[in-house]
4 protein chains.
Amino acid sequence: MPPIDTPVRLQAVAGPGQPDVTPALEQLYRDFESELLIPLWTEIGDLMPAHPRSRATPHVWRWSALQHLAEQAGALVPVGRGGERRAIALANPSLGGRPFATPTLWAAIQYLLPGEDAPEHRHTQHAFRFVVEGSGVWTVVGGDAVPMNRGDFLPQAGWAWHAHHNATSAPMAWIDGLDIPLQYTSESQFFEFGRDRISAAERGTPERSRAERLWAHPGLLPVGVTHTSPGSPLLAYRWEYTDRALTEQLALEQSGFAGTVEPGHAAVRFTNPVDGRDVLPTIRAEFHRITRGTETAPVRATGSSVYQVFDGSGTVTVGDTTWTVARGDLFVVPSWVPFAARSEAGADDSDSGALDLFRFSDSPVFEALRLDRTDLHGRESA
Amino acid sequence: MPPIDTPVRLQAVAGPGQPDVTPALEQLYRDFESELLIPLWTEIGDLMPAHPRSRATPHVWRWSALQHLAEQAGALVPVGRGGERRAIALANPSLGGRPFATPTLWAAIQYLLPGEDAPEHRHTQHAFRFVVEGSGVWTVVGGDAVPMNRGDFLPQAGWAWHAHHNATSAPMAWIDGLDIPLQYTSESQFFEFGRDRISAAERGTPERSRAERLWAHPGLLPVGVTHTSPGSPLLAYRWEYTDRALTEQLALEQSGFAGTVEPGHAAVRFTNPVDGRDVLPTIRAEFHRITRGTETAPVRATGSSVYQVFDGSGTVTVGDTTWTVARGDLFVVPSWVPFAARSEAGADDSDSGALDLFRFSDSPVFEALRLDRTDLHGRESA
Amino acid sequence: MPPIDTPVRLQAVAGPGQPDVTPALEQLYRDFESELLIPLWTEIGDLMPAHPRSRATPHVWRWSALQHLAEQAGALVPVGRGGERRAIALANPSLGGRPFATPTLWAAIQYLLPGEDAPEHRHTQHAFRFVVEGSGVWTVVGGDAVPMNRGDFLPQAGWAWHAHHNATSAPMAWIDGLDIPLQYTSESQFFEFGRDRISAAERGTPERSRAERLWAHPGLLPVGVTHTSPGSPLLAYRWEYTDRALTEQLALEQSGFAGTVEPGHAAVRFTNPVDGRDVLPTIRAEFHRITRGTETAPVRATGSSVYQVFDGSGTVTVGDTTWTVARGDLFVVPSWVPFAARSEAGADDSDSGALDLFRFSDSPVFEALRLDRTDLHGRESA
Amino acid sequence: MPPIDTPVRLQAVAGPGQPDVTPALEQLYRDFESELLIPLWTEIGDLMPAHPRSRATPHVWRWSALQHLAEQAGALVPVGRGGERRAIALANPSLGGRPFATPTLWAAIQYLLPGEDAPEHRHTQHAFRFVVEGSGVWTVVGGDAVPMNRGDFLPQAGWAWHAHHNATSAPMAWIDGLDIPLQYTSESQFFEFGRDRISAAERGTPERSRAERLWAHPGLLPVGVTHTSPGSPLLAYRWEYTDRALTEQLALEQSGFAGTVEPGHAAVRFTNPVDGRDVLPTIRAEFHRITRGTETAPVRATGSSVYQVFDGSGTVTVGDTTWTVARGDLFVVPSWVPFAARSEAGADDSDSGALDLFRFSDSPVFEALRLDRTDLHGRESA
């Protein structure tokens, strides 16, 4: 989107605190326009609302539709240098027809055919992959081949070289999350092409990445390795551990001990083991499990989130809208819009399990800038 | 600007890495549109450029024009509840006709007539005032009346109650800087009306604010007062100190000692005495003095700045554009656009002094998110 | 040790920078004594050496002797209120006959008979337990019963209530590490008695503590629980994970990748998952594995360490002293004394394994106060 | 003090929790002794008291006596390489006859004759100078000559080269404060000799140091200079500013506004302008002003302090001891001993002023290690 010289257009309006609309005022406004000036008094209601009113709209994208179109793209669209990735992004209906799920977050389905390689590049945008189903692709980050399987969360900090390759005979789809809109708005992004083809060794198919072998031991850090760059050195957070952590929280709750967010609602945050902070400097990632029959208390906060249903079924309420959701569905919660979820059996649902939700948000940005505010179950905290 | 449901419109294009344009592809793009999806491969050049390409344009606003229009507004526009402030903002020519000097920064001239009061309110947006000439207005922050005089920098952290009153018989103009575009984009802003009229005591005209009496002693902090909110508790940084600090840097340089940024170029940063960090969480403010005949080395960095010429004259170069500037002129430096300044006598300039530049920027945002990168005299650092 | 009014005794000496010894000087020194004054010029060599010269002496305590005496104590010494614990501490031979392993660290063997309980108390001293062999005791920290088994590291932050109970039919011994000398010197210690007997529920024998169930998932933190007190919320670091982490580091090294401290020398640090920092504010704890035949490069650093041989055999060199060591042996490395270890088969050693060393030190104290300095393989860093 | 091999001597005692004194127990204790072991159960009362019981004793040193003996030393003791400084340290009566004012702090009077130079050296011990009366000496820190005058506080961070020279025709005395006992105990100290004679340029007598010219502007930091070492880059905190800050606090209090510690008690802390933290990593320095007739509320805290009376007169109470104090007197407040001060006219006191107290303490150490606890006016906070 190249810069466009947009003319300033001012319109005199009536209202409290507004000047009388006279020919002199009209002339003043014309003079403002020619000098590229805009008064506060006509704009303040939009610029300085009593509380955030997001330009984004709550919206849901259905997994079946995403999958279907990704398959179509697989048949029609190559993966190679220039286009770089077969990724298809969610475009919030009220963000200008741009590929932005929220004002700060990008969410896309990416699709790779058997044997395909996505070429190496790097960018300052922080990224992760999350796998709702399937397997067979290895993402190669800094030369380290990382397998991707259902339930895994795979962060990749900005400016790390990365490529992907499908080492199996089946196509695979997954979700990419990035801070593209944030860096687009802040104008901080850099990008470089890497090698067109990674080495044979990097195209191996290990069961665990080297990153996991070094960094995925609870509470243990290697003494001989220093990690100072932003973002976690741990390149995969496996479903096995996430599932166990959630299961344990609920079991502890059953025994009368603290651990969950609220009754029937367990949650873990993916963190950087080096400092315990968010896994990426601009993106928070969490996993929430809501037991069958539980409804979470409504929460609203500054900042936006994207959720993907990992398992189970139920309803989610974002502001005034309620959807029935099932595996793979993605939806957005804009800034300061209340959110609640209820776990319940779907129409064709035979399982008795919980509603499992993967969530990512821009909360670290708001906390770093001290712009975070939360209205928790009606009690506001700043 | 209410949310607008913007349709997604995709256009198949030819190019490296792009799919062949076939009827099937056209159909796929139509399906993407109806599902609110946008491919990465058509957008990557815009979203992920090799380096930041700002939507903002370098531009200069002349002080004489601003002053003239502010006076006109003084005659036509009331100051009162609803409109809140007689402030007129710079609108960058390529930021959509919005009152945004840069993608993150607001800069406006504010004007108050003799005896006028601007009513009390508060907002999460961080703000400051800077006085290029004149005096007579007291800004009342949290009940503390703070005089404003030429050269003074007056920060006011988010969510602090504030009003202004002109206690003299002359009008006064000054510059407001805020992070309105940043908070508009991040959707974190809250606003509340305060009292329509502040008390008689608050409308006093002390020579120094209480804040200065507590916090403006070099290296000394009060033991009995805890300040934890974001932003500096010091509400005025007086010209006397700024001028002296710059003079001393240049004198030290003359004696062969370090202190300046580069030969002939002194600079100080306004900081929070409680933690030595930037005076506001989202805004950096600095004062630069460039001695006559000196040209600064070009620098480019992620993030944007607004400069106001405080004194002297010279030329400034922003990217490919060079302007001759004089007292009061304001100009913007967009992200990653090189900037240099040269101090030289103006056409009608009889003084032999330096070019004094006030600068504010969004650097703290980039540093907090670890998105800062600087290309300093050709050597890049990240 | 109650304060003792110690008279000041000064002795005139000859040497560079010393005053001539005259009757007048002798009189001056007598006057200094009566006014409780001591000159720098006679003391500077002791007070301000060119580099640290520790009062502590390198020393080794043999596990067989410790075990034997602990058993004896089991027969003769009760465990109960007043004496509190059947713990027997290492007394460095040159630290004044005090129970201080080093100037900052306490190390003791603790011994509990079948069915015995150590009563509940709390103190500001930070503590941990480490198990070189045996099992059967649960330490109950904040009401959470934590099993103790060979290889486990169990931290317990200051001011946490804790008791121990032996739930089996065999006695058990383990190692306690605390910062008693540091807090004794800094005069910061508080202590409170708790309940004489913990509840039946707390005397359960779970396989895993509640703390582990919440906090021992790699890179995952519970969203619903805030932990702000100093020290790790994770109350047990299990041998299974430690062993695996060390094994993986060496396997990565074998494959040509970074991960170890130096060739053949793997090490992990026990860290607080909440912030990635040391597990206790004043104590660092690490596990080192040195493969058979490897000799580590000599290192010296400010601060002191206590090591316990966990497995294998070899020699360790502390300054000018070299000992052959085996399982359970404890030894101290004083400040700025070079340390190196060599893994080799013992006299009666039939295993082919590595030398496994558990280490704890006061490094976090030095780093917090910016007094850390390391001389690493001859290259000094500050 | 070289290490001394101190034998372990154990004595069986009777009491709660103690074993029966039998021949077998006596034998066990003999065996402990020969193995360098000491039981906890006999030592716990000393090692783990209910609250800190300092080994230090409250004590006062009179300025007249210090001055007199410093003058005597001036006549008898040279200043030169080897002895390094004509400094005479306070020796707390119950700290073993060592030159330690408290377990962590060194305080000494230093004395320099007209024309004398103290040779250059550096050490890791953090230091400051405080001038209760006189002038004429310049301390030369890192080649920067810093004048010393009544009321000035002059910090000098560890490992900075420094010398002193008396450029006048009168002798001068001042107070040195260092963390010598802390670094002696922690065994972290390094020391190096510098040049025997500093250059002629460094022996100049500027009115202000270069450090002040760069760093002593309230809230302003130089953009072109990075200061990362521990300790403040500002080498002098002038009395003019300290006095004004205290005067303003009391004036604000008079007008009904917050600012003082408590009614009639103003205080400022000397801080590092780079980060707002304590001026030295291990030493806190403050100035307290207590108006005539005011008595401060008793406070006790972990850590120790040394006070010097700068002006006025009154009484100070440390634990159970109360002294009448006057200008120059020094006294110590040990850990967890309550302290209060009362400002009142002395016997021969004609002034109507306040009691001005300079204080330094080891509080940053306790805060960094999270060992700080304060009992403030009876309300304890941790």
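Note that this is a predicted model, so its numbers are computed, not measured. Just so it is clear: chains get the letters A, B, ... in the order the sequence lines come, proteins before strands, and each one is counted from 1.
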Quiz item: Which pairs with one or both residues in residues 242-261 of chain D pass ring-ring contact (aromatic ring centres under 6.0 Å, His included), sequence neighbours excluded?
Solution: none
Exercise. For residues B:Leu252 and D:Leu214, determine if any side-chain heavy atom of one lies less than 4.5 Å from a side-chain heavy atom of the other.
Key: yes
May I have a table of the donor-acceptor pairs connecting chain D and chain B at distances under 3.5 Å?
{"residue": "D:Arg208", "atom": "NH1", "partner": "B:Glu248", "partner atom": "OE2", "Å": "2.8"}
{"residue": "D:Arg213", "atom": "NE", "partner": "B:Glu248", "partner atom": "OE1", "Å": "2.6"}
{"residue": "D:Arg213", "atom": "NH2", "partner": "B:Glu248", "partner atom": "OE1", "Å": "3.2"}
{"residue": "D:Gly219", "atom": "O", "partner": "B:Thr271", "partner atom": "N", "Å": "2.7"}
{"residue": "D:Gly219", "atom": "O", "partner": "B:Thr271", "partner atom": "OG1", "Å": "2.9"}
{"residue": "D:Leu221", "atom": "N", "partner": "B:Arg269", "partner atom": "O", "Å": "3.0"}
{"residue": "D:Leu221", "atom": "O", "partner": "B:Arg269", "partner atom": "N", "Å": "2.7"}
{"residue": "D:Val223", "atom": "N", "partner": "B:Ala267", "partner atom": "O", "Å": "3.0"}
{"residue": "D:Glu248", "atom": "OE1", "partner": "B:Arg213", "partner atom": "NE", "Å": "2.6"}
{"residue": "D:Glu248", "atom": "OE1", "partner": "B:Arg213", "partner atom": "NH2", "Å": "3.2"}
{"residue": "D:Glu248", "atom": "OE2", "partner": "B:Arg208", "partner atom": "NH1", "Å": "2.8"}
{"residue": "D:Ala267", "atom": "O", "partner": "B:Val223", "partner atom": "N", "Å": "3.0"}
{"residue": "D:Arg269", "atom": "N", "partner": "B:Leu221", "partner atom": "O", "Å": "2.7"}
{"residue": "D:Arg269", "atom": "O", "partner": "B:Leu221", "partner atom": "N", "Å": "3.0"}
{"residue": "D:Thr271", "atom": "N", "partner": "B:Gly219", "partner atom": "O", "Å": "2.7"}
{"residue": "D:Thr271", "atom": "OG1", "partner": "B:Gly219", "partner atom": "O", "Å": "2.8"}

Quiz prompt | Residue, of D:Gly219, D:Gly224, D:Pro273, that accumulates the most heavy atom pairs under 4.5 Å with chain B | solution = D:Gly219
Quiz prompt | Within residues 217-226 of chain B or reaching into it, pairs that qualify as salt bridge (Lys or Arg N to Asp or Glu O under 4.0 Å) - sequence neighbours excluded | solution = none
Quiz prompt | Contact summary for B:Ala245 and D:Leu220, nearest pair of heavy atoms | solution = CB-CD1, 4.2 Å
Self-check item: Minimal non-hydrogen separation, B:Gly259 against D:Pro222, with atom names
Solution: O-CB, 4.3 Å
Quiz item: Of the listed residues (B:Pro218, B:Gly276, B:Ala216, B:Ala267), which shares the most heavy-atom pairs with chain D below a 4.5 Å separation?
Solution: B:Pro218
Quiz prompt | Side chain, backbone, both or neither of D:Ala266 within contact of chain B (heavy atoms, under 4.5 Å) | solution = neither
Self-check item: Contact class of D:Val274 relative to chain B, heavy atoms under 4.5 angstrom
Solution: backbone
